[in-house]
There are 2 protein chains.
Amino acid sequence: MGKQATEMLKGTLEGIVLAILSGRSAYGYEITAWLRDQGFSDIAEGTIYALLVRVEQRGLVDVEKVPSEKGPPRKVYSLNAQGREYLNEFWRTWSFLAERLEQLREGGG
Amino acid sequence: MGKQATEMLKGTLEGIVLAILSGRSAYGYEITAWLRDQGFSDIAEGTIYALLVRVEQRGLVDVEKVPSEKGPPRKVYSLNAQGREYLNEFWRTWSFLAERLEQLREGGG
DNA sequence: TACTGGTACATAGCAACACTGAGTACCTGA
DNA sequence: TCAGGTACTCAGTGTTGCTATGTACCAGTA
């Protein structure tokens with residue numbers, strides 16, 4: 001992934017994280033590791049933590065502190081009702097964008 | 001399109017405009033009008049002009065000033081070789097992102 | 001004991017980008 | 001003369017992801 005990805009991730013990364021949380025609860029370190037596993041090799045740890053703070057402040061997720069066997073306590077996030085609504089809106093916006101881009105790619109402009 | 005679109009467009013809008021230019025030459029006002037026609041209702045004129053200045057400075061497009069019958073002269077942009085290369089890279093990054101998101105949407109996380 | 005390394009989170013400063021809002025300039029038609 | 005469509009420009013703002021650094025907990029090992 002190159003420099004273009006950095007800008008393209010803006011706005012999208014938030015949706016990605018919320019989509020992950022829609023399937024199961026997770027904590028920051030876990031999400032970062034999962035993303036890297038999926039090929040998002042350049043995603044910085046700090047980015048995910050900052051993102052999680054933002055979505056928490058907006059009331060899209062619930063948080064629970066859970067002790068870990070291997071280090072400091074984990075902050076486990078789960079998507080709440082408001083977050084699900086926001087995620088639906090995200091998918092609508094994404095679909096719109098993806099459709100337009102697919103048309104552009106096929107039509108060549 | 002809501003507020004989420006603003007952030008999601010970052011990085012993507014550039015690819016969209018370059019994709020348009022890969023099919024045919026165009027000028028700013030025309031591109032803005034076309035995008036609005038395609039449903040990108042909130043895209044500000046200033047945004048497109050600023051974007052065009054950026055891609056020009058990076059050497060991705062060639063510019064030609066053409067007189068208009070209806071107003072000030074048009075700055076007609078066309079994609080050059082370097083721009084095509086950059087656009088290919090854009091499509092690769094986009095494909096990567098789109099695949100991951102499609103998986104997430106289906107899998108639910 | 002001291003040190004390394006994995007786990008887990010936090011944050012200040014930076015760069016890039018889209019938006020807002022205002023402005024300039026050309027031309028036509030009422 | 002003035003409104004309105006065409007066409008481009010630019011300063012200032014907010015959001016976002018990245019960089020770099022720091023804190024803290026724990027296990028294994030030399």
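Each chain gets a letter, A, B and so on, in the order its sequence line appears, and its residues count up from 1. All heavy atoms count here, side chains included; hydrogens, waters and symmetry mates do not.
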Figure out the [atom1]/[atom2] separation between [X] and [N], and round it to whole Å.
| X | N | atom1 | atom2 | value |
| --- | --- | --- | --- | --- |
| A:Glu14 | D:dC18 | CD | C1' | 17 Å |
| A:Glu7 | C:dA15 | CD | P | 13 Å |
| A:Ile16 | D:dT16 | CD1 | P | 14 Å |
| B:Lys3 | C:dC17 | NZ | P | 24 Å |
| A:Phe90 | D:dT15 | CZ | P | 19 Å |
| A:Met8 | C:dA18 | CE | C1' | 15 Å |
| B:Glu45 | C:dA22 | CD | P | 15 Å |
| B:Leu51 | D:dC10 | CG | P | 15 Å |

Suppose we call two aromatic rings close when their centres sit under 6.0 Å apart. Are B:Tyr49 and B:Tyr29 close by that rule? no
Which part of the nucleic acid, if any, lies within contact of A:Glu30, taking any heavy atom under 4.0 Å across all strands shown: a base, the sugar-phosphate backbone alone, or nothing?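 Touches nothing.
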Touch class at under 4.0 angstrom, heavy-atom based, for A:Gly46 against every strand present: base
When you get a sec, tell me which of [options] is the closest nucleotide to the side chain of [X]?
| X | options | result |
| --- | --- | --- |
| A:Tyr29 | C:dT7, D:dC8, D:dG17 | C:dT7 |
| B:Thr47 | D:dT16, C:dA8, C:dT20 | C:dT20 |
| B:Lys75 | D:dG17, D:dT9, C:dC19 | D:dT9 |
| A:Lys10 | D:dG14, C:dA8, D:dG17 | D:dG17 |

Between A:Pro73 and B:Lys70, just flag the one whose closest nucleotide in DNA chain D comes earlier from the 5' side. B:Lys70
Any luck finding a side-chain donor-acceptor pair between B:Thr12 and A:Arg100 under 3.5 Å? no
With no hydrogens and no angle check, do the side chains of A:Ser22 and B:Arg105 hold a donor and an acceptor under 3.5 Å apart?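 Judged by distance alone, the side chains do not pair up.
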Indicate whether OP1 or OP2 belonging to [N] is found under 4.0 Å from a side-chain N or O atom of [X].
| X | N | result |
| --- | --- | --- |
| B:Tyr49 | D:dT9 | no |
| B:Arg58 | C:dC17 | yes |
| B:Ser68 | D:dT6 | no |
| B:Tyr27 | D:dC8 | no |
| A:Arg74 | C:dT7 | no |

Toward the 5' end of DNA chain C, by each residue's nearest nucleotide, B:Leu13 or A:Gly71: A:Gly71
Could you tell me whether a side-chain N or O of B:Asp62 sits under 3.5 Å from a main-chain N or O of B:Leu79, the two making a donor and an acceptor? no
So does A:Glu89 pair up with A:Arg84, basic N to acidic O under 4.0 Å?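 So A:Glu89 does not pair with A:Arg84 through a salt bridge.
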What I'd like to find out is whether the side chain of B:Ser25 reaches to under 4.5 Å of the side chain of B:Glu30, using heavy atoms alone. no
